[in-house]
Amino acid sequence: MLSAARGCALQGITGMSVTVECDLARGLPSFDIVGLPDPTVRESRERVRAAIRNSGYEFPLSRITVNLAPADVRKVGVGLDLPIAVSILAASGQSPHKGLEGITFIGELSLEGVIRPVRGVLPACAGAREAGSTVVVVPVENAGEAMCIPEVSVVAVRTLQEVVRFLETGIVPNRDISTKHAHLGANLGPDFSQVIGQAATVRALEVAVAGGHNIIMVGPPGAGKTLMASCVPSVLPAMDREEAIEVTSIQSIMGLVDGRGLAVSRPFRNPHHSITPAGMLGGGNPPMPGEVTLAHRGVLYLDEYCEYRQAVLQCLRSPMEDGFVVISRSHVQVAFPSRFMLVASANPCPCGYLGDSERPCVCSGAQVQRYRRKLSGPVIDRIDIQIEAPRVSRADLQGHSAGRSSDKIRANVSEARERQRRRFGNPIVTNSCMDPRNIEHAAMLSPIAGALLYEAVDKMALSARACHKLIKVARTIADLDASARIKDDHVLEALQYRALDSAEIARCSHG
Amino acid sequence: MDDKEPKLRWENVAEPEGKELAAWVFWNSVPGFGSRSFLRMLEDYGSAVEGLHAAKHGGKPPAYARRAQWNWAGRVHDPLCMGMTEIAKASSISARVIPCPSRLYPAPLRNIPDPPIVLYVLGKGELTEVPWAAMVGSRQATAYGISIARRYGRMLASAGIGVVSGLARGIDASAHRGAIEGGGPTVGVLGAGMGDDMTGRLKKLIREVAACGCVISPFPMGWAASKDTFPARNRIISGMSEVCIVVEAAEKSGAKITADFANEHGKDVFAVPGDINRPTSVGANQLLSTHAEPLLDIGDVIDRIASRGLLDRTHGPTARISGGVLAPVDRAVLESLTVNTSFERIQTDLGLPAQELLVSLARLEFAGLVDREPGMRYSKRC
């Protein structure tokens, strides 16, 4: 007897449809799975055997061969338990084996026949749709994510018996799946109105978010850098559907989806500085995403930038440049997306008080030099906005009213993003991605701003890259100002966001 | 060993050349053999070369030399060759050796009690063309001190007064950099011999200073820095200057030693008052209570030097940049600025949105009216 059911395996963050064939033959009873199963799939034999028996069905006493096609790709994950069980039941005549073609089964089995949730259901469903399935059978806990994929109907199941009943009768078990979020924009963390003073840094963050620019804040301990960074999620623009699906797919693979369907807020990741390169880029076998991928379409926040290992900082370069990370293993090569906005904060020197007006810096020149070396190089080169966040003295704060609220900033940011979207004709391209080739034309510099820019370049001996950064940032400032062309004021403001390029602090006090 | 004053004056000593210069360089490298002993030896033997011969013949050392010094000088196999090698080493890094009677030797330094017998000088500047002001202070300086040192360094230089300092980080480096910005000469005095191992940052500062003035050292080539070389350096800093300015100094600091030397040498000492609670200001404030004048306006120092007829007024202070055609907002921002004013302060005073203030400050900085200091602080340029 022969039967086939469809399942899904993951490759990176895409789902790959797998046909599970089952053959029952006469001979000594045995149960083999072929087609490059990895240990988790091979172990499913025991779970499937117990689940079938404990659900009240008979486990066929014959020579069982299960083949996972295509046979040359390694299959990973526990989601293949359910299609294997269904194909065995169908082959042994205990469930219908007709009409299985258009259905994809995803789920892990417990020994008593209960279907458990699995990771990566969203990309798996997308893969199933690509392969032509119209129905997906998924664990009830994963139904929310599965419903994010249009054009497939979702059957949410709790037990193996329910699956068989559905196959026999075609009646979809009635489940109340809530995909509504309690409140959009809730628990977005601290608000910018809590920040007192530091208006320049808040403004720099606004510009950074509006144009998707990377930003670094340099300042002594206690300046409020971490607070301001944690306010960033509250001003990030809303994701469109395409972005939300990408983000949810990644979260789905990591098992981070909260069961209510598409993610609504952009991810904000702040890995600790003890992270390894593998943790940052992703790794393992099968390859799993790292922090750069988890921050995709959102923010990667590196607090105490200089404390990270040099190797970790170096490896950020290619994901920032290309927007994806490729992880190669002997069997498989996986590309994970990594388009994130980098927000970093750093002390100006190891003791933190270089350039402080009250406390002297107690670091030696060599220490500062060693430290500053980390604040230069390929990654810092790709940070468009560098702003100093000094300690604010109490005297300076007297009479200071609270800053602008996150809602106001968010409204500005959204308008600026909308302008960029219209200009580039692509919703997910921002000013920070502008190609350096014909940037001066594309950025629409007004003649007077152009003249000012070149004067600045000559005066401050800026490199071509620094000049491009200036243009990109000025373009974003112009967008925030609702200006079609870049005016001189926009260039002037952009000139203020180059705290590290000039590195005046280190130059002056440390020779 | 007695301590009589030599009768011979430096003015009456001829400038040495050739072998004699080599002998001078050699005697300069004899540890502890100062210029007073050297002058008395010249009195006795007529020249440094003859002095070497006397030491070679052995016998009882003269009253002005210690036995160890005299014997050491006598034991050296070929002292003239050693002196020659020393001069060759200096010229290999394009440094010059200037003996005390030379007209290139700074005159105020020659007049202190025990001036270096020779100076090693690196850089294209001259040591005698302008009057010098010493500006010294703490290595561990605050932004306050750094910005003052830079600003005053620049103003002195643009008024035609050279800035002498000690090439250390903190105040010294800022004073040098300020002077370089002001387009004036600056002299850095090393606390070690040239060619000694030095850090990358010191090398860089030396390059910058030498390009705009001189780096000098009284020590033989490759002489290692030690706790004794720095006071010797401080003595030269104060010795060659007309006035000595202490910007920021802790209770125990080299800057105070320099100020004490300056006092000894009869120079005017100025100190910049500092916050009495801050440890880095204690030394400077103590000086104010003893023998230093408070420095409230660098114009006082410039006037003091000018009143001695030392200042070639053609330099003059550079024309004040006028706020010709400024937009009202820029003018308001400029007026609210003094020295090292924080961004927050200006913003609170004027109540401007951050982006407008950033634009305005950038415009003023671009026009050369305002300097940006570390930590989002701004100073009006004058």
Side-chain angles (χ1 to χ4, degrees), chain A residues 197-204 206-207 219-220 348 353-366 368-369 387-393 395-400 403-404 452 455-456 459 477 480-481 488-497 499 502 504-505 507-511, chain B residues 138-147 149-150 167-174 176-178 199-206 208 248 250 275 277-280 340 342-349 351-363 365-366 371-377:
Chain A
Q198 298 288 16
T201 316
V202 173
R203 168 68 180 172
E206 178 184 2
V207 174
Y353 290 98
L354 181 60
D356 195 274
S357 58
E358 296 295 322
R359 290 179 64 164
C361 163
V362 295
C363 311
S364 73
V368 173
Q369 232 176 10
I387 184 91
E388 275 182 84
R391 213 150 46 99
V392 180
S393 69
D396 283 351
L397 284 180
Q398 268 165 14
H400 226 287
R404 292 178 296 160
L452 182 72
E455 204 186 326
K459 225 173 183 174
I477 296 167
L480 279 168
D481 201 20
D488 50 346
D489 280 10
H490 305 142
V491 174
L492 283 170
E493 191 183 336
L495 279 171
Q496 294 277 21
Y497 302 135
S502 48
E504 193 78 343
I505 322 170
R507 237 177 47 93
C508 241
S509 65
H510 281 86
Chain B
S138 174
R139 285 184 172 80
Q140 271 142 29
T142 61
Y144 166 73
I146 301 249
S147 78
R150 182 174 162 207
L167 292 167
R169 67 197 177 91
I171 299 293
D172 287 11
S174 310
H176 287 304
R177 291 238 153 82
T199 57
R201 102 183 149 75
L202 181 56
K203 270 189 201 149
K204 186 160 168 264
L205 185 60
I206 286 178
E208 284 172 38
E248 207 174 26
D275 187 337
N277 296 320
R278 208 184 286 151
T280 51
N340 224 10
S342 72
F343 185 87
E344 307 289 335
R345 185 79 261 152
I346 310 169
Q347 213 203 352
T348 324
D349 287 351
L352 282 175
Q355 63 264 43
E356 275 179 42
L357 188 51
L358 283 169
V359 169
S360 177
L361 285 167
R363 190 178 292 123
E365 195 187 343
F366 208 70
D371 279 321
R372 184 173 171 162
E373 314 274 2
M376 289 296 274
R377 283 166 183 272

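Letters go in sequence order (proteins before strands), and every chain restarts at 1.
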Heaviest contributor of heavy-atom pairs below 4.5 Å to chain B, chosen from A:A204, A:P390, A:A389, A:P220, is A:P390
If one checks every heavy atom of B:R278 against chain A at 4.5 Å, the contacting part turns out to be side chain
Here the gap from A:I477 atom CD1 to B:Q355 atom CD, rounded to the nearest 0.5 Å, amounts to 9.0 Å
Honestly, the part of B:I346 sitting under 4.5 Å from a heavy atom of chain A is neither
Interatomic distance, CD@A:Q198 vs CD@B:E344, rounded to 0.5 Å, equals 5.5 Å
Whatever's closer than 4.5 Å to a heavy atom in chain A on B:D275 counts as side chain
Rounded to the nearest 0.5 Å, the CG atom of B:L357 sits from the CD atom of A:E493 at a distance of 10.5 Å
If you tally heavy-atom pairs under 4.5 Å between each of B:M376, B:H176, B:E356, B:E248 and chain A, the highest tally belongs to B:M376
Rounding to 0.5 Å, atoms OG (B:S360) and CD (A:Q496) come to a distance of 9.5 Å
Distance col, row B:L358:CG vs A:L492:CG, nearest 0.5 angstrom, shows 10.5 Å
The interface call for A:A456 against chain B, heavy-atom contacts under 4.5 Å, is both
Whatever's closer than 4.5 Å to a heavy atom in chain B on A:L480 counts as neither
Closest non-hydrogen atoms of A:D489 and B:V359, given as atom of the first, atom of the second and distance, are O-CG2, 3.5 Å
Honestly, the part of A:E455 sitting under 4.5 Å from a heavy atom of chain B is both
Closest heavy-atom pair, A:A200 versus B:A354, reported as atoms and distance to 0.1 Å, is N-CB, 4.1 Å
